[in-house]
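Below is one structure, written out as structure tokens; comments come after it.
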Amino acid sequence: MEAIATTLKKAKRIAVLTGAGVSTASGIPDFRSAGGIWEQDRSREYYMSSDYFHEHPVDFWKKYKDIFQIKLVGNYQPNEVHAFLHELEDNGKEVPIITQNVDGLHEKAGNNRIIEYHGSLTTATCPTCGTQYGFSHVMEHETPRCTTTYGSHLCNDILKPDIVLFGDPITQHDKAEAIIDLADVLLVLGTSLFVMPFNFLPDYAKYQRNLPTILINREPTAKDELFDYVVHDNLTQVIQKIKQSM
Ligand SMILES: [Zn+2]
């Protein structure tokens, strides 16, 4: 733990990868990992696909709000792990975060540079005109539509949520690599590194950039061997110990 604290202390730029384990401490259900919401009902992958959105947008929105328990999203609060990453930034470090989480909590915690690799539940965008809408608009209507007007013409298209749906391309991977290019260390928190291509990022940091790499996750992952430091324990407790050593 002390070696991790020393490594983080010395670094000026800490690239952070985060996953579901960071959000679960805020009471957010784990969608993808073993025993998570996707595994309980495989049909959810079918409904949460870009094909289903395009073919049945009204029903898609119903299922989307249900599956992601969207009513609760506004209530979630950042936890100690989010706060720790914000403190690092407050202490003068650059702490760009590349997150798989879609709950917007790193932003709520106040971090400046966040890549939402799988998008966000908190916003939706009009596929026709590109106007983005916030959470309150998404919640106001069962099927949220675009209210932008051009002269007397109302756009009125059904919005698409800003999460990456099954079948959608990942658009943030190059940006994520560019962040790792500038980092002094890679810190990976609360992810089983199961989902591709996100799980290529530690390989990139280690083998292309030769960065020191740290992994903290409750369970062993398929990529443990790649890391210089590996801790399998409760993330919140580990972060508390690291803070004490810093
Ligand atoms: Zn529009």
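In this text, all values refer to a predicted model and were calculated from it rather than measured experimentally. Note that ligands are numbered from 1 as they come in the structure, with each ligand's atoms numbered from 1 the same way. All values below were derived from every heavy atom in this structure, side-chain atoms included, with hydrogens, water molecules and symmetry-related copies excluded.
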Checklist entry - Taking the side chain as C-beta and beyond, is there a heavy-atom pair between Asn91 and Met246 under 4.5 Å? => result no
- Task: For residues Tyr133 and Pro144, determine if any side-chain heavy atom of one lies less than 4.5 Å from a side-chain heavy atom of the other.
- Result: no
Aromatic rings Tyr64 and Phe60: how do their planes relate, parallel, tilted or perpendicular, breaks at 30° and 60°? parallel
Protein N/O/S atoms closer than 2.8 Å to the Zn ion (ligand 1) number 4
Exactly one candidate in His173, Gln172, Lys175 meets side chain to side chain donor-acceptor pair (under 3.5 Å) with Tyr117; the answer is His173
Pro169 and Val164 have their tightest heavy-atom pair at O-CG1, 4.1 Å
Please determine if Lys243 and Glu80 form a salt bridge, counting it only when a charged side-chain N lies under 4.0 Å from a carboxylate O. no
